[in-house]
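One structure below.
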Amino acid sequence: MSSTTGRALAACMMTAGLSLSAYSANAQTLPASEIPALVAPPNGINLGSTSFYDGFSTLKPGLTGLAYLRYEANDAITNVKGDDDPAFEDPQVDVTTLIAQVSYVSRLKVAGGALGFDVLMPFTNIDAEFGAAGRQLVDNGLGLGDLTFGPFIQFAPMIRQGRPVASARIALDVIAPTGDVDESRDLNQGSGAWSINPYVAWTLLPAPGWEVSGRTQYLYSFETDKISNPPTIPGFTFEDGQGGQLIWSSFTVSKEVSRGVSVGLNGYALQQITEDRINGIDIPDTKRQALYVGPGLHFDRLPTGILNLNLYLPVHVENMTSGPRLNAQFIRPF
């Protein structure tokens, strides 16, 4: 997305995997700076969905069910400088996403860890409203998102003086373009692109009752010829697009205040390291950046599982939609 006159305006709700695009252009022949930015990161991207004690998981063979309920109240669309884009008046893009995950741990051991496999399917509802004087973007309502799946290795916890002090997991997820994409709508659940998304999750327990966790992720998206609401612009024909590569990390710090109940701080930081590409051309000023921080709660003495609650508030956001995010994660072994 860029606020430069005569080029495209694009934004993405990456937490929900929402693809969002709009455009403007008058030139008959378009230089790179005037080519519209029409691609967005894929559905399935994890920005703060996982939470406290992320590096720990069961080593026992079998299935675990996880459910994530996320709500985003986006009230701004930012440009490359992090300012509200003047092309949109009073944007309000509310996104509610339910993600169902099944995690399977096998009996196979790799490098001393348990080999497993994850499958995640999101269901997303998009409700968008814009002021009459600005650009209007049309949402796609309720639909399926992009399917995420892949193997992982959960390592056994490190034990010191009779207690666990650290644990880690590595994974290689693939994101398939199975989500809904209505090419007549601007805001869609699906991205239209295949992606790979490896990550490392870890947790440190530096002292009794204290927890520090993080998940560092990388995203590489492949080319796609399927986008939201492709424009008709003199001098330009869309052939294919490719979202830029992303690196981001989630983080938590918490303290147990009573048995099974912890309070803490959670957040995530994202940086796009390469520009988006349209028709094989790098599009300038399309790198995304975000920093969110907020409070969180962890409950691990529930009768049927574990519950994490996280609120994320925007600190700095560039080339993305911006607003508070509320996340609830429920984990239950079968």
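Atom set for the values below is all heavy atoms of this structure, side chains included, hydrogens, waters and symmetry mates excluded.
- With a 4.5 Å cut-off on side-chain heavy atoms, R288 and P41 count as touching.
- In this structure, L137 and F88 have side chains that are in contact, with non-hydrogen atoms separated by less than 4.5 Å.
- Here the side chain of S322 pairs no donor or acceptor atom with the backbone of V317 at under 3.5 angstrom.
- Taking CG from L38 and OG1 from T286, the interatomic distance works out to 11.0 Å, rounded to the nearest 0.5 Å.
- Of the possible polar contacts, one joining the D85 side chain to the A87 backbone as a donor-acceptor pair under 3.5 Å is found.
- A donor-acceptor pair under 3.5 Å links the side-chain atoms of N46 to the main chain of S49, judged by distance alone.
- Side chain of N125 to backbone of T96: no donor-acceptor contact under 3.5 angstrom is found.
- When hydrophobic clusters are built by joining Ile, Leu, Val, Met, Phe, Trp and Tyr residues whose side-chain heavy atoms come closer than 4.5 Å, directly or via intermediates, V315 is grouped together with F251.
- For S228 and N188, the side-chain atoms include at least one donor-acceptor pair closer than 3.5 Å.
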Check residues 236-245 and write down every donor-acceptor pair under 3.5 Å in which the side-chain atom is one partner and the other belongs to a residue at least two apart or another chain.
unit_1	atom_1	unit_2	atom_2	d
Q242	NE2	Y220	OH	3.1
Q242	NE2	S221	O	2.9
Q245	OE1	Y218	OH	2.4

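- The distance from the CZ atom of R185 to the CG atom of N140 is 5.5 Å, given to the nearest 0.5 Å.
- Residue L219 is grouped with residue M320 when hydrophobic side chains (ILVMFWY) are merged at heavy-atom distances under 4.5 angstrom, including chains of intermediate members.
- By the 4.5 Å heavy-atom criterion applied to side chains, F222 and I196 are counted as neighbours.
- Under the 4.5 Å side-chain heavy-atom criterion for grouping Ile, Leu, Val, Met, Phe, Trp and Tyr, V261 is connected to L302 within one hydrophobic cluster.
- One finds the CG atom of D285 at 6.5 Å from the CD atom of E275 (value rounded to the nearest 0.5 Å).
- Using modelled atom types, one side-chain atom of R325 and one backbone atom of G323 make a donor-acceptor pair closer than 3.5 Å.
- At least one donor-acceptor pair under 3.5 Å links the side chain of N319 to the backbone N or O of V80.
- For the 3.5 Å distance criterion, the side chains of N197 and S195 fail to qualify, holding no donor opposite an acceptor.
- No continuous path of ILVMFWY side-chain contacts below 4.5 Å connects L297 to F52, so the two sit in separate hydrophobic clusters.
- Atom-to-atom distance recorded for I170:CD1 and I153:CD1 is 4.0 Å, nearest 0.5 angstrom.
- The ring of Y268 has its center closer than 6.0 angstrom to the ring center of Y312.
- For the pair S213 (side chain) and Y53 (backbone), a donor-acceptor distance under 3.5 Å is present.
- The line from CG of D94 to CD of E72 is 9.5 Å long, rounded to the nearest 0.5 Å.
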Step by step, would you call Q189 with T124 a side-chain hydrogen bond (donor to acceptor under 3.5 Å, both in side chains)? CA-CA 6 Å; Q189 293 82 9; T124 299; over 6 Å; no
Test side-chain hydrogen bond (donor to acceptor under 3.5 Å, both in side chains) on E318 and N79 and set out the steps. CA-CA 6 Å; E318 296 179 5; N79 60 21; over 6 Å; no
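- Between F155 and V110 there is no side-chain heavy-atom pair separated by less than 4.5 Å.
- Put simply, the side chain of P157 reaches to within 4.5 Å of the side chain of L59, judged on heavy atoms.
- In this view, Q289 and Q271 satisfy the side chain to side chain donor-acceptor pair (under 3.5 Å) rule, not counting sequence neighbours.
- Annotation: salt bridge (charged side-chain N to carboxylate O under 4.0 Å, His left out) contacts of D90 (sequence neighbours excluded): none.
- Counted within 6.0 Å of NZ on K109, heavy atoms from surrounding residues, nucleotides or ligands total more than 12; the atom is thus considered enclosed.
- At least one donor-acceptor pair under 3.5 Å links the side chain of D139 to the backbone N or O of A128.
- With rounding to the nearest 0.5 angstrom, the CZ atom of R215 is 5.5 Å from the CD atom of Q217.
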One pair to check against side-chain contact (heavy atoms from CB on, under 4.5 Å): I273 and L246. What are the steps and the verdict? CA-CA 6 Å; I273 58 176; L246 301 176; over 6 Å; no
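- Within the 4.5 Å cutoff, no side-chain heavy atoms of L144 are placed close to those of T178.
- When every heavy atom of Q101 is checked against every heavy atom of D118, the shortest pair comes out as NE2-OD1, 3.2 Å.
- When atom types are taken as modelled, the side chain of D146 and the backbone of G190 share no donor-acceptor pair closer than 3.5 angstrom.
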Evaluate T50 against Y68 for side-chain contact (heavy atoms from CB on, under 4.5 Å), listing each step before the verdict. CA-CA 9 Å; T50 49; Y68 310 83; 3.9 Å; yes
Could you walk me through whether S167 and T203 pass the side-chain hydrogen bond (donor to acceptor under 3.5 Å, both in side chains) test, one step at a time? CA-CA 5 Å; S167 187; T203 294; over 6 Å; no
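- No more than 12 heavy-atom neighbours from other residues, nucleotides or ligands sit within 6.0 angstrom of CD on E129.
- Contact of the I175 side chain with the L147 side chain is not registered, since no non-hydrogen atoms from C-beta on lie closer than 4.5 Å.
- Pairs of residues two or more places apart, or lying in two chains, that qualify as side chain to side chain donor-acceptor pair (under 3.5 Å) and include a residue from residues 296-305 are H298-N308.
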Apply the test side-chain contact (heavy atoms from CB on, under 4.5 Å) to residues R332 and T64: give CA-CA distance (whole Å), side-chain angles for both, the deciding distance (0.1 Å), then the verdict. CA-CA 6 Å; R332 180 180 182 180; T64 299; 5.9 Å; no
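- The stretch residues 179-211 participates, sequence neighbours left out, in no ring pair (Phe, Tyr, Trp, His ring centres under 6.0 Å) pair at all.
- The 12-atom threshold is exceeded at CZ of R163, counting heavy atoms of other residues, nucleotides or ligands nearer than 6.0 Å.
- Neither I306 nor L205 shares a network with the other; the hydrophobic side chains, linked directly or stepwise wherever heavy atoms of I, L, V, M, F, W or Y lie under 4.5 Å apart, form separate groups for each.
- Evaluation of the salt bridge (charged side-chain N to carboxylate O under 4.0 Å, His left out) test over residues 216-225, restricted to residues two or more places apart or in two chains, returns none.
- Between the side chains of S262 and E256, not a single donor N or O lies within less than 3.5 Å of an accepting N or O.
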side-chain contact (heavy atoms from CB on, under 4.5 Å) evaluation trace for L309 with F299: CA-CA 9 Å; L309 298 174; F299 303 89; 4.2 Å; yes
